[in-house]
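No experiment lies behind these values; they were computed from the predicted model shown.
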Amino acid sequence: MPGTQGPAAAEPPTERLAADLATVVGRLSRRLRTASPDSLLTPTQRTVLGRLGTEGPATTAALARSEYVRPQSMRLTIGALEERGFVTRSPDPHDGRQSVMSITDEGRATLASVRAAKHGWLTQALTAELDEAERRTLAEATLLLERLVQK
C-alpha cells in the first residue's frame, strides 16, 4: 500500500537511538585507540596535542576548559607531554603568571604517526566491510554527527 511503511522502516525511539549511538561511538573510539602504535599517547594527550597543533599555543587553564577537566589534571597531562619533548612552555605575553604551551616538531610527528595508524585502519575497514552505497550512507551520517557535536 503506497505511503505505508513496514516495521523495518519505523523510526527507532530517540532514547534507544541515543544509547545505541553512544555505545557504537565508544566502541569505535576504543578500536581506533588500539590501531595506533602502543603507548605513544594517551587519549587525553592525543587530544591536547591535536588542539595545540590546530588551534595554536594555549595556557594550561584554557586547555583544561576545552577538555572539560580540572586544571590540576591538565597540568599532569602537559607535564607528561613536556617530559617527552612533545610540547614546550613559554611565558604568557599577556599574563606573566601563566605559561603558554606549544606543540613541538617531535609532537607533530608523533601526532601524525598516531593519526596515520588510525586512519589507515579505518580506511582498510571501510573498504573491506562496506560497499559504495554503505560508504555514501556513512558519509551522510558523518555530516549529521558533526552537526550534533557542534551544539
Side-chain angles (χ1 to χ4, degrees), residues 11-130 132-151:
E11 182 178 327
T14 304
E15 294 84 9
R16 180 172 165 220
L17 177 60
D20 290 349
L21 181 59
T23 299
V24 169
V25 168
R27 289 176 58 205
L28 177 61
S29 180
R30 286 187 296 280
R31 181 59 185 90
L32 286 169
R33 275 197 299 267
T34 66
S36 63
D38 289 342
S39 72
L40 278 182
L41 297 171
T42 67
T44 303
Q45 290 171 348
R46 192 202 71 71
T47 302
V48 169
L49 274 185
R51 188 173 300 280
L52 291 172
T54 57
E55 297 176 10
T59 63
T60 302
L63 289 167
R65 279 191 303 277
S66 67
E67 294 302 313
Y68 303 102
V69 298
R70 301 172 114 196
Q72 297 87 337
S73 297
M74 185 55 66
R75 279 195 284 279
L76 292 173
T77 298
I78 291 295
L81 291 170
E82 193 174 20
E83 185 175 294
R84 295 175 71 186
F86 296 159
V87 298
T88 59
R89 181 184 307 264
S90 60
D92 185 331
H94 307 293
D95 182 350
R97 299 170 296 169
Q98 295 193 57
S99 296
V100 175
M101 306 310 300
S102 301
I103 190 169
T104 64
D105 289 342
E106 187 173 348
R108 284 184 201 287
T110 300
L111 185 58
S113 174
V114 168
R115 285 178 174 165
K118 291 176 187 216
H119 293 167
W121 173 82
L122 190 52
T123 297
Q124 187 278 328
L126 292 171
T127 302
E129 300 297 325
L130 304 180
E132 188 177 331
E134 290 171 322
R135 288 192 300 270
R136 278 194 305 272
T137 299
L138 189 56
E140 292 171 6
T142 300
L143 294 173
L144 295 174
L145 290 170
E146 180 63 29
R147 194 170 86 200
L148 287 177
V149 299
Q150 296 301 319
K151 295 286 178 191

Worksheet item: Quick one: CG on L122 to CD on E129, what's the gap to the nearest 0.5 Å?
Response: 11.5 Å

Worksheet item: Looking only at atom types and distance, does a side-chain atom of Q45 sit under 3.5 Å from a main-chain N or O of T42, one as donor and one as acceptor?
Response: yes

Worksheet item: Salt bridge check: are R136 and E132 linked by an N-O gap of less than 4.0 Å?
Response: yes

Worksheet item: Short question: side chain of T104, backbone of F86 - any donor-acceptor pair under 3.5 Å?
Response: yes

Practice prompt. Measure the shortest side-chain to side-chain distance between R33 and K118 over non-hydrogen atoms and say whether it is less than 4.5 angstrom.
Written response: yes

Worksheet item: Is a side-chain donor or acceptor of S73 paired with a backbone partner of V69 at a separation under 3.5 angstrom?
Response: no

Worksheet item: Between CD of Q98 and CG of D92, what distance do you get to the nearest 0.5 Å?
Response: 5.5 Å

Worksheet item: Backbone N or O of L63 within a donor-acceptor pair of the S66 side chain at under 3.5 Å?
Response: yes

Worksheet item: Does any N or O in the side chain of S113 come within less than 3.5 Å of the main-chain N or O of A109, such that one atom is a donor and the other an acceptor?
Response: no

Worksheet item: Can you name the side chain to side chain donor-acceptor pair (under 3.5 Å) partners of Q124, sequence neighbours left out?
Response: none

Worksheet item: If we only count heavy atoms from C-beta on, is the L81 to L41 side-chain gap below 4.5 Å?
Response: yes

Practice prompt. Kindly write out the residues that satisfy salt bridge (Lys or Arg N to Asp or Glu O under 4.0 Å) with R97, not counting sequence neighbours, or none if the list is empty.
Written response: D95

Item to complete: Hey, could you give me the CG/CG distance between L111 and L49, rounded to the nearest 0.5 Å?
Response: 5.5 Å

Worksheet item: Taking the side chain as C-beta and beyond, is there a heavy-atom pair between W121 and R31 under 4.5 Å?
Response: yes

Discussion item. Taking L138's backbone N and O only, do any of them form a donor-acceptor pair with T142's side chain (distance below 3.5 Å, no angle check)?
Written reply: yes

Discussion item. I need the minimum non-hydrogen distance between A58 and L52, along with the two atoms involved.
Written reply: N-CD2, 3.8 Å

Worksheet entry | Spacing of CE belonging to M101 relative to CD1 belonging to I78, to within rounding of 0.5 Å | 5.0 Å

Response to the item:
dist T60:OG1 -> M74:CE (nearest 0.5 Å) comes out at 8.0 Å

Worksheet item: Would you say the side chain of E140 lies within less than 4.5 Å of the side chain of R135, judging by non-hydrogen atoms?
Response: no

Item to complete: May I ask you to check whether over 12 heavy atoms, not counting those of Q72, lie within 6.0 Å of atom CD?
Response: yes

Worksheet item: What closest approach, in Å, do A35 and A117 show between heavy atoms, and which atom pair accounts for it?
Response: O-CB, 3.3 Å

Worksheet entry | Pairwise distance CG(L130) to OG1(T137) - rounded to 0.5 angstrom | 9.0 Å

Worksheet item: Among pairs that include at least one residue of residues 48-74, which meet salt bridge (Lys or Arg N to Asp or Glu O under 4.0 Å), considering only residues two or more places apart or in two chains?
Response: R51-E55, R51-E67

Practice prompt. Kindly indicate whether the side chain of L145, heavy atoms from C-beta on, has any atom under 4.5 Å from the side chain of L21.
Written response: yes

